[in-house]
There are 2 protein chains.
Amino acid sequence: MTKSSKKKATIYDLSVLSGSSPSTVSAVLNGTWQKRRIKESTAALIRDLAETHQYTANRQARGLRSSRSGLIGLLLPVHDNRYFSSMAQTFEAHVRSKGQCPIVVSASRDPEEERKTAETLISYSIDELFICGATDPDGVHEVCETVGLKHINIDLPGTKVPSVISDNYEGGRMLTEAIIRHFPADQPLRPDELYLFGGRDDHASRERIRGFRAVKRELLGDDPDGCIQPTGYAPNNARLAFEAFYEKHGKLPRGLFVNSSINFEGLLRFMAGHPHENFADLVVGCYDYDPFASFLPFPVIMIRQDVEGMITKAFEVIEEGRPQPRIHLISPELVQPRTALTGPLDALRDID
Amino acid sequence: MTKSSKKKATIYDLSVLSGSSPSTVSAVLNGTWQKRRIKESTAALIRDLAETHQYTANRQARGLRSSRSGLIGLLLPVHDNRYFSSMAQTFEAHVRSKGQCPIVVSASRDPEEERKTAETLISYSIDELFICGATDPDGVHEVCETVGLKHINIDLPGTKVPSVISDNYEGGRMLTEAIIRHFPADQPLRPDELYLFGGRDDHASRERIRGFRAVKRELLGDDPDGCIQPTGYAPNNARLAFEAFYEKHGKLPRGLFVNSSINFEGLLRFMAGHPHENFADLVVGCYDYDPFASFLPFPVIMIRQDVEGMITKAFEVIEEGRPQPRIHLISPELVQPRTALTGPLDALRDID
DNA sequence: AGTCTTTGCACCATCGATTGTGCAAACAAG
DNA sequence: CTTGTTTGCACAATCGATGGTGCAAAGACT
C-alpha cells in the first residue's frame, strides 16, 4: 500500500516532492500560476505529482483564507414533496454547472428555524443563499445582511432583496377558470359549490385566493367568503377541514381548489376514510403538479410552477450587483387531467 | 448601526473585549472550559459578550484545525421522487438532532459522478458519508477508505462496509402475492399475464425479481422468462417498454409489478398516450410508495420501504467502531390500494 | 564589463479556531 | 517563612491554502 493512502496529500507534500515551494504548488493547482510567472515545465511537474497522489485541495483551508467556501445554499421548507424536491434537483444542477457545491437544507416553515439554519450555513461561509418558500424571508435577510451574504428569495417574496416567484394571481385565475369550465353547461357550478382549501396567510396563498375570488365573481357572479378555507399546509389539518365540511353537508363541494399538493394529501386521507363514496361529480384543481395526482379517478387539473424558470431567473438576478428588491413573476402552467409531464430527472441519462 | 454589522465577530474580537486570551474565549465557547479550569465568572462574561455580539464560530477555521467539519453527507441518486426525498427529509432530522449539519447531494446513478461527488464532499472534510442507492458503492468506498472517512451504504449494498437495505426479496414476494390474490378466484391470473417492468441489474432489482419469480412459481405454477422486463430506471424507457408490449399484444398485462415509482411514471406516460383505454382489469403493484399513486383508478398495491427504520439503523451501525461489512435487512411494508400514509412531514408542526 | 529588465520562484503573514504547555498567583501544609 | 499544590489563565504552534513582497539569476542593452 503506497504512502498515498490514509491521509490526504497537501501542497506541502507536493512541495517537498517537487522541490518547489508551497506557494508555487498552490499557484499551479489553483490556476493562478501564469500570473505568477511559473515555468510551464514546473507547472507540468506539479500537475503530474498532484495527479498521481490524487491531490485535492482542502476546501476548509482554502475557504478560511479566502473567506469563500464554494458552497451555495438552498433553504427549503421541506424536502418531501415533488415541488420542493424538483426545486432541489434543479438547483443542484445549476450549482454544479458553476463548479460549486450545493447544500440544501430544510427549515420546516418555522421562522426561528429558518434564521437558525441560515446562521448555520453562514458559519460554513457559504457564498450565496437561495431562500425558497420561507415563512419569514425578511428575517433570514437580516442575518444574511449583517454578514454581507448575497441572497435571494424564491417562491415566497421578501421586501429587502429581489424575489423570484410564481405568478400566483394568474395561476389562481387559470386554475379556477379551468375548474369552472370543466363542468358541463347543463350542470354549471354554483358559486357556493366551489371551495378553496389549504394554504395560509402568505403571499402565495393570498394571491391565489385573490385570483380565485376574482374569477368566481367574473364567471359565477358571486364569491361567498365561506368558500375560502385556509387550513395551513399540514395534510392532517386539511383532512379535518374536509371531514368537517362533509359532516356538515353530507358531501364534498363539487369544485375544489386545493392550495398545494401537500394539502391534496389531506384530501386523500379524507377519501381513505370514506371508501364507499365515489366522488363522481368532483373536480379538483391543485396548485402544484404531481404526475400521479394527475391520473386520479376524478378530474384533477393542476398548476405546474416553472421551477426551472424560477431557478434560472434567480441565478441571473443574484449575479447582478446590488439589485432592487423587486418581484420577478414567472408564469406557471396549467396542466390538464391525465397528463404526465417530464421533469428534471429526464435530463439525466440512465445507464443500463 | 452598531459595529457588530458587516463582519462576523471572532474569538479575537471577544478576547479584546473581555480582556481574556483567544484560547480562553475559544475554550469557553466550545465547552471545554471546565477542563481548562476557567473561572465560572470569566466564562459567564465571555458567554455574555458572545451573545450580544452574535458570535458564531467559523466552521471552516474550526474544521481546518480539528479536521472535522460537522457536516454529514448523504449521497443520493436523485432528489425528485418521494422515496429519496423522504430519505433526505428523515436523514436531515437525524443529523440535525445530533447537532450537525446535513449535506445532501445527488449523483444521478452514475458511478463516475458518485466518486467525484464523494471527493468533493471529502474536500469539505465531512465527518461521515451515507451512500444511498449508489450504483457503485464499492467505488465510493475506495475514495472514502483512502482518507479514512466513515461511511455506510443504504438502499443498495456494497461489499466493503455495512449496508442497510430493504428486504427486497421479502418485499418482492409480498407484492407479487398481493397482486395475484387481488384477482378474483373465478378470473385468476395466468403466469404469462403477470409482468415485471423496470429496474436494472442491481442488488435491489435482482432480489425483487427473485421474490417475484419464486411466488409466481409457487402460486401460479410457472414463471416465464419473458415476463421480466428490466428497462432501467428512466421513465421514458419504461414507457417505451409498455408501448412495445401494447403494440404487440393489443393490451397491457393484467398484472403489473412495477419496480419503482420512477418506472411507474413511465406507465403514466404510456397511459397519457392512450386516453381511451380504461385499463379496467389492471392490477398494479409498485415497489415504492407514493400517496397519490395509491388512489389511481385501478388497484395499486404498493410497498413502502421503511425509510425511518433504515436511517435509524444506519446511524446505529455507523457509530460502531469498525463494523463488519454485513447487510442489515429492514422489512418493508405492504400498502393496500387507496391508502394515505403519514410521512416525515407529519412530524413537523404547522404554524398558522 | 556594468546597468537595467525580465523571469521564476521562495518567503512569510494571514484566515479563525484548537490544544499542548508553561507559569504566575493563590492557597495549603509543615 | 519555605516548599508544594492547585487554580486560572496566557502563549504559541498548528491545520492547509492564498497572495503580497522580495530577490537572485538570466537575459538585454549600452
Side-chain angles (χ1 to χ4, degrees), chain A residues 7-47 49-50 53-71 122-127 147-148, chain B residues 7-47 49-50 53-71 122-127 147-148:
Chain A
K7 276 307 149 219
K8 297 202 59 171
T10 71
I11 53 170
Y12 298 96
D13 302 332
L14 298 184
S15 130
V16 171
L17 292 168
S18 69
S20 318
S21 75
S23 57
T24 299
V25 175
S26 170
V28 168
L29 296 175
N30 70 24
T32 61
W33 59 282
Q34 331 240 25
K35 204 167 56 191
R36 281 176 164 274
R37 298 187 313 238
I38 311 288
K39 248 194 304 187
E40 170 57 38
S41 66
T42 310
L45 168 63
I46 292 174
R47 273 195 301 262
L49 285 169
H53 289 265
Q54 307 208 65
Y55 171 84
T56 51
N58 180 322
R59 307 297 223 112
Q60 305 217 60
R62 170 182 296 176
L64 175 58
R65 184 59 230 259
S66 59
S67 58
R68 308 187 71 256
S69 63
L71 293 168
I122 287 172
S123 74
Y124 286 102
S125 309
I126 58 170
D127 300 335
V147 299
Chain B
K7 276 305 150 221
K8 296 202 59 173
T10 71
I11 53 169
Y12 297 96
D13 302 332
L14 298 184
S15 134
V16 171
L17 291 169
S18 70
S20 316
S21 75
S23 56
T24 299
V25 174
S26 170
V28 168
L29 296 174
N30 71 23
T32 60
W33 57 284
Q34 331 241 23
K35 203 167 58 192
R36 282 177 166 274
R37 299 188 310 237
I38 310 289
K39 248 193 305 186
E40 169 57 39
S41 65
T42 310
L45 168 62
I46 291 174
R47 274 195 300 261
L49 285 169
H53 289 265
Q54 308 209 63
Y55 171 84
T56 51
N58 180 322
R59 306 297 224 113
Q60 306 216 58
R62 169 181 297 176
L64 174 57
R65 182 60 228 263
S66 58
S67 59
R68 308 186 70 254
S69 64
L71 293 168
I122 286 171
S123 74
Y124 286 103
S125 310
I126 58 170
D127 300 336
V147 300

Does [X] have a side-chain nitrogen or oxygen under 4.0 Å from the phosphate oxygens OP1 or OP2 of [N]?
X	N	result
A:S23	D:dT18	no
B:T42	D:dC9	yes
A:Y55	D:dA17	yes
B:S21	D:dA10	yes
A:N30	D:dA17	no

Mark yes or no for whether B:S18, through its side chain, and B:L14, through its backbone, hold a donor-acceptor pair below 3.5 Å.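 Such a contact is found between B:S18 side chain and B:L14 backbone.
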
Do side-chain atoms of A:S20 reach the backbone of A:S15 as a donor and acceptor pair under 3.5 angstrom?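 Pair absent, no side-chain N/O of A:S20 close to backbone of A:S15.
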
Residue pair [X] / [Y]: nearest heavy atoms and the distance that separates them:
X	Y	value
B:S69	B:R59	O-NH1, 3.5 Å
A:R62	A:N30	NH2-CB, 4.3 Å
A:V28	A:R47	CG1-CG, 4.0 Å

Which two nucleotides bound the region of DNA chain C that has atoms under 4.0 Å from heavy atoms of chain A, read 5' to 3'?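 Going 5' to 3' along DNA chain C, contacts run C:dT7 to C:dG16.
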
[X] [atom1] to [N] [atom2]: how many Å, rounded?
X	N	atom1	atom2	result
B:I11	D:dC9	CD1	P	16 Å
B:Y12	D:dA10	OH	C1'	13 Å
A:W33	D:dG19	CH2	P	17 Å
B:R65	D:dA17	CZ	C1'	16 Å
B:Q60	D:dT14	CD	P	22 Å

Tell me what [X] touches on the nucleic acid: a base, only sugar-phosphate, or nothing, going by heavy atoms under 4.0 Å.
X	value
B:G19	sugar-phosphate
A:R59	nothing
A:S67	nothing

Side chains of B:I11 and B:Y55, heavy atoms from C-beta outward: is any pair under 4.5 Å?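 Yes; the side chains approach each other to less than 4.5 Å.
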
Mind checking whether A:Y124 and B:L71 have side chains closer than 4.5 Å, heavy atoms only?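 Yes. Closest side-chain heavy atoms under 4.5 Å.
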
Here's a test of your reading of the structure: between B:T32 and B:A61, which maps to the more 5' nucleotide of DNA chain C?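 The answer here is B:A61.
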
DNA chain D: 5'-proximal contact among B:E40 and B:L64 (nearest heavy atom):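 The residue whose closest nucleotide sits nearer the 5' end is B:E40.
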
Starting at the 5' end of DNA chain D and moving along, which residue's nearest nucleotide shows up first, A:T10 or A:R37?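 Whichever sits nearer the 5' end wins; that is A:T10.
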
Return the set of residues passing side chain to side chain donor-acceptor pair (under 3.5 Å) with A:S66 (not counting sequence neighbours), or none when no residue passes.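 Partners of A:S66 by the side chain to side chain donor-acceptor pair (under 3.5 Å) criterion come out as none, since no residue qualifies.
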
What's the separation between atom CG in B:N58 and atom CD1 in A:I122, rounded to the nearest 0.5 Å?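 Reported to 0.5 Å precision, the distance equals 12.0 Å.
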
Please round to the nearest 0.5 Å and tell me the distance separating atom CG of B:L49 and atom CG of B:L29.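 Result: 9.5 Å between the selected atoms.
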
Distance criterion of 3.5 Å, no angle test: do you see the side chain of A:R36 paired donor-to-acceptor with the base of D:dG19?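 Checked by distance alone, the answer is yes.
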
When the axes are fitted on five pairs at both termini, how much does the helix from C:dA1-D:dT30 to C:dG30-D:dC1 curve, in 10° steps?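 The value is 50°.
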
